[in-house]
Amino acid sequence: MKGFSRKEPMFSLCGLNCALCAMHVGGYCPGCGGGEGNQSCAFARCSPGRGVEFCADCAEYPCARYEGFDDADSFVPHSRRRADLERARELGLEAYISELREKAELLSELLAGYNDGRRKSLFCTAAYLLPLPDLREALQALRALPEQPIKGRAASAASLINAAAEKRGISLKLVKKPKSRSMMSGFIFSYIYFAA
């Protein structure tokens with residue numbers, strides 16, 4: 001959004017970790033309030049004039065803009081948004097951003113050394129949802145493996161990450177927005193019509 005900027009673009013106004021987003025990592029978005037190329041956002045349009053660094057600091061939080069916001073994911077999981085805002089409050093923003101930077105560095109290592117072209121979303125989601133110690137442990141185990149072709153490295157990384165997520169009961173699949181009822185009706189009608 002033109003003219004919208006923030007001190008810390010890695011952690012969004014609404015509580016999403018931009019530093020771990022596939023769009024940010026891919027260079028398509030500078031992060032929340034990061035300047036040129038920043039994505040249009042209802043939360044960003046609301047924030048000027050309110051004098052808050054995060055929506056959670058606003059007297060009206062959570063407002064109507066949040067209705068249904070956490071029901072589905074965008075390029076990043078929304079399930080930890082509230083918990084991450086709370087964690088940033090507990091730790092202090094500087095300490096939280098420090099953890100976020102370390103996660104971003106580990107994600108960069110995963111993408112540079114273990115991505116066979118098909119794992120970016122998995123690695124970004126894992127960096128987002130897994131606790132920092134689990135990510136450190138997975139990378140440490142990967143570094144200790146003997147040299148192998150990229151497909152083998154990617155499979156090993158996916159296996160370790162999925163095992164860490166399973167151990168904690170975390171799903172690494174992004175939650176898709178449900179299709180609207182009218183779209184579903186049209187799909188069902190088409191299926192019945194063409195199947196007959």
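- Annotation: side-chain contact (heavy atoms from CB on, under 4.5 Å) contacts of Glu53 (sequence neighbours excluded): Arg6, Lys7, Asp57.
- Taking 4.5 Å as the limit, some side-chain heavy atom of Leu130 sits within range of a side-chain heavy atom of Ile170.
- In plain terms, the two heavy atoms of Gly34 and Pro9 that are nearest each other are CA-CB, 3.9 Å.
- Two residues are said to be in side-chain contact when any heavy atoms from C-beta on lie closer than 4.5 Å; Pro77 and Thr125 meet this criterion.
- Not counting sequence neighbours, the partners of Glu99 by the salt bridge (Lys or Arg N to Asp or Glu O under 4.0 Å) test are Arg87.
- Applying the side-chain contact (heavy atoms from CB on, under 4.5 Å) rule to Ser108 yields no partners; only residues at least two apart in sequence or on another chain are considered.
- Residue pairs meeting the salt bridge (charged side-chain N to carboxylate O under 4.0 Å, His left out) criterion with at least one member in residues 155-167: none, sequence neighbours excluded.
- Partners of Arg50 under the side-chain contact (heavy atoms from CB on, under 4.5 Å) rule, at least two apart in sequence or in another chain, are Cys46, Val52, Cys58, Glu60.
- Within the structure, every pair that satisfies the ring pair (Phe, Tyr, Trp, His ring centres under 6.0 Å) test and touches residues 95-154, not counting sequence neighbours, is listed here: Phe11-Tyr96.
- Judged by distance alone, the side chain of Ser156 and the main-chain N or O of Gly152 form a donor-acceptor pair under 3.5 Å.
- The minimum heavy-atom distance linking Leu135 with Ala126 is given by the pair CD2-O, 4.1 Å.
- Counting all heavy atoms, side chain and backbone alike, Pro131 lies closest to Arg168 at CG-NE, 3.4 Å.
- Atom CZ in Arg153 sits 10.5 Å away from atom CG in Leu145 (nearest 0.5 Å).
- Put simply, the side chain of Leu16 reaches to within 4.5 Å of the side chain of Phe69, judged on heavy atoms.
- With sequence neighbours left out, Arg118 forms a side-chain hydrogen bond (donor to acceptor under 3.5 Å, both in side chains) with no residue at all.
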**Item:** Full working for side-chain contact (heavy atoms from CB on, under 4.5 Å) between Leu142 and Leu110
**Value:** CA-CA 9 Å; Leu142 287 168; Leu110 276 171; 3.9 Å; yes

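- At a threshold of 4.5 Å between side-chain heavy atoms, the hydrophobic network of Ile, Leu, Val, Met, Phe, Trp and Tyr places Leu107 and Ile150 in two separate groups.
- Residues passing the side-chain hydrogen bond (donor to acceptor under 3.5 Å, both in side chains) test with Asp116 are Arg119, sequence neighbours excluded.
- Looking at heavy atoms from C-beta onward, Leu85 lies in side-chain contact with Tyr61 at the 4.5 angstrom threshold.
- Rounding to the nearest 0.5 Å gives a distance of 5.0 Å between OG of Ser79 and CG of Leu129.
- A pairwise comparison of heavy atoms in Ala22 and Cys124 identifies CA-SG, 3.8 Å as the closest pair.
- Taking a 6.0 Å sphere around CD of Gln148, one finds it holds more than 12 heavy atoms contributed by other residues, nucleotides or ligands.
- To the nearest 0.5 Å, the span separating CZ on Phe75 from SG on Cys29 amounts to 9.0 Å.
- The distance from atom SG of Cys14 to atom NE2 of His78, rounded to the nearest 0.5 Å, is 7.0 Å.
- Residues Cys32 and Phe43 form no side-chain contact, since every pair of their non-hydrogen atoms from C-beta on lies 4.5 Å or further apart.
- Met23 has its side chain out of reach of Ser74: every pair of non-hydrogen atoms, C-beta onward, lies at least 4.5 Å apart.
- Checked against salt bridge (Lys or Arg N to Asp or Glu O under 4.0 Å), Asp73 has no partners two or more places apart in sequence or in another chain.
- A single hydrophobic cluster is not seen to contain both Leu174 and Leu172; linkage of ILVMFWY side chains at heavy-atom distances under 4.5 Å, directly or through other members, places them apart.
- With hydrophobic clusters built from ILVMFWY side chains whose heavy atoms lie under 4.5 angstrom apart, Val175 does not share a cluster with Val76.
- Every residue was checked against the side-chain hydrogen bond (donor to acceptor under 3.5 Å, both in side chains) condition with Arg82, not counting sequence neighbours, and none meets it.
- For the pair His24 and Gly31, the tightest heavy-atom approach, listed with the atom from each and the gap, is ND1-N, 3.5 Å.
- Residue pairs meeting the ring pair (Phe, Tyr, Trp, His ring centres under 6.0 Å) criterion with at least one member in residues 140-160, sequence neighbours excluded, do not occur.
- Remark: Asn115 CG to Leu122 CG distance equals 9.5 Å, nearest 0.5 Å.
- For CZ of Phe54, the number of neighbouring non-hydrogen atoms (other residues, nucleotides, ligands) closer than 6.0 Å is greater than 12.
- In terms of the side-chain contact (heavy atoms from CB on, under 4.5 Å) criterion, residue partners of Lys173 (sequence neighbours excluded) are, by chain and number, Ser171.
- With rounding to the nearest 0.5 Å, the separation of CG in Leu106 from CG in Leu132 is 6.5 Å.
- Test Arg136, Arg143, Lys103 against Glu109 for salt bridge (Lys or Arg N to Asp or Glu O under 4.0 Å) and you get one pass: Arg143.
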